[in-house]
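Nothing here was measured: the structure is a model prediction, and the numbers come from that model. Quick note on labels: first sequence line is chain A, next is B, and so on, each numbered from 1. Excluded from the calculations below are hydrogen atoms, water molecules and symmetry mates; all remaining heavy atoms, backbone and side chain alike, are included.
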Amino acid sequence: MRPKHKDLVVIGGGPAGLAAALAAKKAGVEDILILERDEKLGGILNQCIHNGFGLHTFHEELTGPEYASRYIDQVLEEKIEYQLESMVLDIDEAKNITVLSPVHGLEKIQAKAIVLAMGCRERPRGALNIPGSRPAGIYSAGTAQHMVNIEGYLPGKKVVILGSGDIGLIMARRMSLEGASVLAVAELMPYSAGLQRNIVQCLQDYNIPLYTSTTVVDIEGKERVQSVTLAKVDENLQPIAGTEQEIECDTLLLSCGLIPENELSRKAGLKLSPASKGAEVDENLQTSIPGIFACGNVLHVHDLVDYVSSESAKAGQSAAAYIQNPAEQVQEGVSIETKGLVSYVVPEKIHTKDLKEDVLLRFRIKKPIDDGCFILECDGKQVLKLARPKLLPANMQELKVKKELLQNAQSIRLYAGKKEEA
Amino acid sequence: MKKEMICINCPKGCSLLVEEKNGSYIVTGNTCPKGKEYALSELLHPMRIITSTVTLLNGSQNRVPVKTDKPVAKEKIFEIMPKIYALHVSPPVSIGDILMENIDGQNANLIATQNVKVK
């Protein structure tokens with residue numbers, strides 16, 4: 001098979017891939033190909049029909065499909081090549097891509113640079129260790145969202161939701177609007193994993209109870225779900241005997257977290273970060289293989305598409321810079337050490353010598369913090385301290401760091417926690 | 001009278017407090033003008049944008065996503081939904097196309113939020 005050659009291949013035609021391709025094109029790359037496995041561009045935004053997207057990017061509130069179309073229109077205008085129904089099977093470290101599609105069959109593409117923008121997947125039942133039988137009627141919230149919003153089917157009429165991630169909350173409202181009764185949302189942790197606004201407009205508006213520190217301990221039903229048993233959990237997240245509550249229902253939706261989809265990254269042999277579950281990247285969003293970049297939810301799970309778009313534009317610009325001036329020798333960067341309640345930070349490392357731009361650190365915290373602060377230390381010296389009155393794990397945190405503060409640093413440390421414990 | 005609420009205008013989700021003093025309302029906790037507007041509307045007459053889908057006939061897909069172009073009275077949502085269920089449209093559909101005018105007398109139109117070409 002003779003390989004095709006492309007300057008830049010973007011894997012994934014969702015919000016990350018679209019923004020990366022557009023930014024690369026604007027930075028002067030002409031020969032770009034977006035590979036998308038679905039029948040249309042836009043990715044998960046196509047099924048996110050609710051509003052709330054685009055406040056940062058477009059200063060107006062858009063629905064998912066509207067937000068996607070703003071980018072799709074630009075991709076069409078810029079005549080960026082894209083290929084639909086195209087499933088990438090393999091990437092290797094020499095940037096050879098194997099892709100399968102009904103139109104072209106099996107193809108090999110040799111790319112000068114690759115942007116990984118494959119998004120994330122929902123944590124399935126199998127990864128949650130929920131006891132009970134295995135009847136029909138158990139879906140991930142995103143699957144239910146696809147059934148309702150794309151296919152036009154209601155997956156059930158009496159619904160319990162496990163997990164209070166945003167998709168679960170959005171689906172609680174969506175199922176209610178379509179005539180189902182949502183009986184309860186159970187959340188294992190003592191706080192919700194979703195945005196506050198969604199608790200208000202998706203649960204409280206529809207009188208749906210949210211039970212925190214609660215999990216599913218049993219599922220009954222042979223052919224179809226007949227009931228779900230909830231129980232309170234203790235501080236070690238273990239169910240407390242005697243607190244069980246059986247709820248008759250026909251559907252259980254799972255909204256228990258998202259995981260970056262890094263199957264291809266693993267095949268390529270990229271170094272992955274156990275903390276973010278995405279590729280380890282530097283300040284240019286370059287992975288451990290020169291010329292391969294990662295952005296969006298495949299890098300780390302975002303709560304706002306606006307942040308995906310801006311991060312991905314950066315990856316596109318970096319890919320363009322690499323294509324125009326490839327540097328196969330990557331100098332060692334300085335890893336950012338995380339302290340306190342920081343669960344991960346992206347980028348993981350920074351090339352502090354001749355830093356050309358300010359660096360945006362994106363990170364999450366492990367649990368809610370009242371009266372908290374962020375501290376950045378370089379070479380043991382505090383260079384930045386910011387007070388934050390209220391911090392929630394559901395919100396991704398951002399810290400813009402001036403390049404002068406990081407220049408030539410040998411060690412970098414990021415702390416988040418209570419102000420008095422700092 | 002005092003009422004605490006969480007602003008739903010943006011993902012920040014500011015905690016708002018509305019207090020009535022001598023017939024006027026004072027809003028605190030908001031970090032932008034929209035928060036104040038929301039708090040007053042939420043106290044006096046809660047409004048929401050509805051998003052849903054309608055049936056697409058003879059199209060390349062089953063559904064077309066839609067929204068109300070303005071917020072509608074929250075208590076009218078379940079009166080409006082059956083009108084959305086009953087709606088059938090045919091392609092082509094463009095973003096912003098008005099699919100139903102002045103829905104349920106709410107002074108808001110139901111508009112398409114996705115472009116759908118003829119199959």
Rounded distance [0.5 Å steps], CD in Gln201(A) versus CZ in Arg48(B): 6.5 Å

Chain A contact via Cys14(B) - side chain, backbone, both or neither, heavy atoms under 4.5 Å: neither

More than 12 heavy atoms of other groups within 6.0 Å of Tyr139(A) OH: yes

Rounded distance (nearest 0.5 Å) linking atom CD of Glu75(B) with atom CG of Asp205(A): 11.5 Å

SG-CZ distance between Cys7(B) and Arg197(A), expressed to the nearest 0.5 angstrom: 8.5 Å

Heavy atoms of other groups near Arg70(A) CZ, more than 12 under 6.0 Å: yes

Rounded distance (nearest 0.5 Å) linking atom NZ of Lys12(B) with atom CG of Leu195(A): 13.5 Å

Non-hydrogen atoms of Thr53(B) and Asn149(A) that approach each other most closely: CG2-O, 3.7 Å

Contact origin within Ile77(B) toward chain A - heavy atom pairs under 4.5 Å: side chain

Interface moiety of Glu178(A) toward chain B, non-hydrogen atoms closer than 4.5 Å: both

Flag if over 12 foreign heavy atoms under 6.0 Å of NZ, Lys34(B): no

Ile6(B), part contacting chain A, at a heavy-atom distance under 4.5 Å: both

Side-chain donor-acceptor contact under 3.5 Å, Asn9(B) with Glu61(A): no

Residue pair Thr51(B) / Arg174(A), side-chain donor-acceptor N/O under 3.5 Å: no

Nearest heavy-atom neighbours spanning Thr113(B) and Pro65(A): O-CB, 3.3 Å

Any side-chain donor near an acceptor of the partner, Lys40(A) and Gln61(B), under 3.5 Å: yes

Residues, nucleotides or ligands: over 12 heavy atoms within 6.0 Å of Tyr85(B) OH: yes

Other residues, nucleotides, ligands: >12 heavy atoms within 6.0 Å of Lys36(B) NZ: no

Straight-line distance of His50(A) NE2 to Ser52(B) OG, nearest 0.5 Å: 13.0 Å

Heavy-atom pair with the smallest gap, counting every atom of Asn395(A) and Pro11(B): ND2-O, 3.8 Å

Proximal component of Ser15(B), with respect to chain A [non-hydrogen, under 4.5 Å]: side chain

Region of Asp303(A) that comes under 4.5 Å of a non-hydrogen atom in chain B: neither

salt_bridge(Arg63(B), Glu151(A)) N-O dist < 4.0 Å: no

CG on Leu177(A) to CE on Met81(B), rounded to 0.5 Å: 4.5 Å

Portion of Asn51(A) that has a non-hydrogen atom of chain B nearer than 4.5 angstrom: both

Lys70(B), NZ: over 12 other non-hydrogen atoms inside 6.0 angstrom: yes

Greater than 12 external heavy atoms within 6.0 Å of Lys366(A)'s NZ: yes

Region of Tyr206(A) in contact with chain B, defined by heavy-atom distances below 4.5 Å: side chain

